[in-house]
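Right, one structure below, let's go through it.
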Protein chains: 2
Amino acid sequence: MPDILHRVGIKAAPNTVYDALTTLKGLSGWWTSDTSGDANVDSVIQFRFGANARVDTKVLELRRGELVLWEVIDAHADWIGTKIRFELKQDGDITYVLFKHEGWKAPTEFMHHCSTKWATFLVSLKALLEEGAGAPYPNDLQISSKAA
Amino acid sequence: MPDILHRVGIKAAPNTVYDALTTLKGLSGWWTSDTSGDANVDSVIQFRFGANARVDTKVLELRRGELVLWEVIDAHADWIGTKIRFELKQDGDITYVLFKHEGWKAPTEFMHHCSTKWATFLVSLKALLEEGAGAPYPNDLQISSKAA
């Protein structure tokens, strides 16, 4: 099964990156400003993107400063049952985020779109932690214009 | 074998996008400003990124407004023998670029990095064609800071 893979290096401590992935305040600073729910293990986080999309993730595993693992339980059909994994690795004053959105059934055109979109959101996470402001929905980078 | 997949939608005609993928001037406007060689079928294009990286691609197939396919013949060892594919699909006044960097032997950490980096270069391609200026090397977006 094809996976979406990404990596960014962020000038921040592993626990700082971890907090941005495991608190509603942190998540709403880089993915979508409309984030609610509970980010603890076995709980569900609700991510909303206006009329465009909704994603509910169940938190499967958390290891402070090391790992965040979610399962998608409600979203676009292609996402349901997929897992979203953030592994953190420290190198000096940089924390690398190894990102994997795994378990896609097929390399659909929508998967191509989501891969590019995830990259821009990880760049948003880096900007949040290094510069103090990310670009979460609805201020996210547009990678496809609408056809006229 | 894992692939890197991306998609961007660009407000431009398929042939305009095609030209940005098949001329030295176009390629130097979004991937690296140090692009030389010959972008015709069976020829080799040389992409240089200062001391950081070199990529030579052989042009395997060109279909105007539809497809660009390269094989990597010299680069980082992980890239040699991989193929880079751009498929163009028109929808109204938008041209979608379906991008695939295929034939990686393993989902290495470097592959994660390259996936994110490709996304930023495709956003650069979109900016070049929609706004008149891309962000090719050495003005490319930095996705990893150097460890101190």
Side-chain angles (χ1 to χ4, degrees), chain A residues 1-14 17 78 85-102 104 106-127 129-131 135 140-148, chain B residues 1-14 17 78 85-102 104 106-127 129-131 135 140-148:
Chain A
M1 287 194 297
D3 300 326
I4 293 171
L5 307 176
H6 288 297
R7 190 187 80 168
V8 290
I10 301 175
K11 203 159 209 160
V17 179
D78 288 4
R85 179 187 301 270
F86 303 86
E87 279 184 58
L88 308 182
K89 288 178 64 172
Q90 189 172 15
D91 177 16
D93 56 352
I94 303 298
T95 298
Y96 286 102
V97 180
L98 286 162
F99 172 89
K100 195 172 185 181
H101 186 176
E102 60 195 13
W104 290 76
T108 59
E109 191 165 329
F110 181 57
M111 183 182 171
H112 289 65
H113 165 82
C114 293
S115 175
T116 313
K117 198 74 188 177
W118 271 125
T120 68
F121 281 122
L122 292 166
V123 168
S124 165
L125 170 65
K126 178 176 168 69
L129 297 178
E130 293 185 348
E131 296 158 29
D140 50 324
L141 184 70
Q142 297 306 303
I143 59 167
S144 289
S145 322
K146 280 234 164 64
Chain B
M1 287 193 296
D3 300 325
I4 293 171
L5 307 176
H6 288 297
R7 190 188 78 167
V8 291
I10 301 176
K11 202 160 209 161
V17 179
D78 288 3
R85 178 187 302 270
F86 303 85
E87 279 184 59
L88 308 182
K89 289 179 65 172
Q90 189 172 15
D91 179 16
D93 56 352
I94 303 298
T95 298
Y96 286 102
V97 180
L98 286 163
F99 171 90
K100 195 173 185 182
H101 187 175
E102 60 195 12
W104 290 76
T108 58
E109 192 166 328
F110 181 57
M111 182 181 172
H112 290 65
H113 165 82
C114 293
S115 175
T116 312
K117 198 75 188 177
W118 271 125
T120 68
F121 281 121
L122 291 166
V123 168
S124 165
L125 170 66
K126 178 177 167 70
L129 297 178
E130 293 185 348
E131 296 157 30
D140 50 323
L141 184 71
Q142 297 306 303
I143 60 167
S144 289
S145 322
K146 280 233 164 63

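It should be emphasised that the depicted structure is a prediction, and the values quoted were computed from it without experimental measurement. Order of the sequence lines fixes the chain letters, A, B, ..., with proteins taken first and strands second; residue numbering starts at 1 for each chain.
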Sort [X] into side chain, backbone, both or neither according to what part of it lies under 4.5 angstrom from a heavy atom of chain B.
{"X": "A:Lys89", "answer": "side chain"}
{"X": "A:Val8", "answer": "both"}
{"X": "A:Glu130", "answer": "side chain"}
{"X": "A:Phe99", "answer": "backbone"}
{"X": "A:Leu141", "answer": "side chain"}

Could you tell me whether a side-chain N or O of A:Thr116 sits under 3.5 Å from a main-chain N or O of B:His6, the two making a donor and an acceptor?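 Side chain of A:Thr116 to backbone of B:His6: no pair is present.
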Minimum-distance pair of heavy atoms, taken over all atoms of A:Gly9 and B:Ser144: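 In terms of heavy atoms, the two residues are closest at N-OG, 3.2 Å.
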Search all heavy atoms of B:Arg7 against all heavy atoms of A:Glu109 and return the closest pair with its distance.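 Taking every non-hydrogen atom into account, NH1-OE2, 2.9 Å.
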Are A:Ile143 and B:Val123 side-chain neighbours, meaning at least one heavy-atom pair lies under 4.5 Å?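 Result yes, sub-4.5 Å side-chain heavy-atom pair found.
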With rounding to the nearest 0.5 Å, note down the distance linking CD1 in A:Ile4 to CG in B:Asp3.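 A:Ile4 atom CD1 to B:Asp3 atom CG measures 12.0 Å (nearest 0.5 Å).
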When rounded to the nearest 0.5 angstrom, what distance separates CG in A:Leu122 from OG1 in B:Thr120?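 A:Leu122 CG to B:Thr120 OG1: 12.0 Å, rounded to 0.5 Å.
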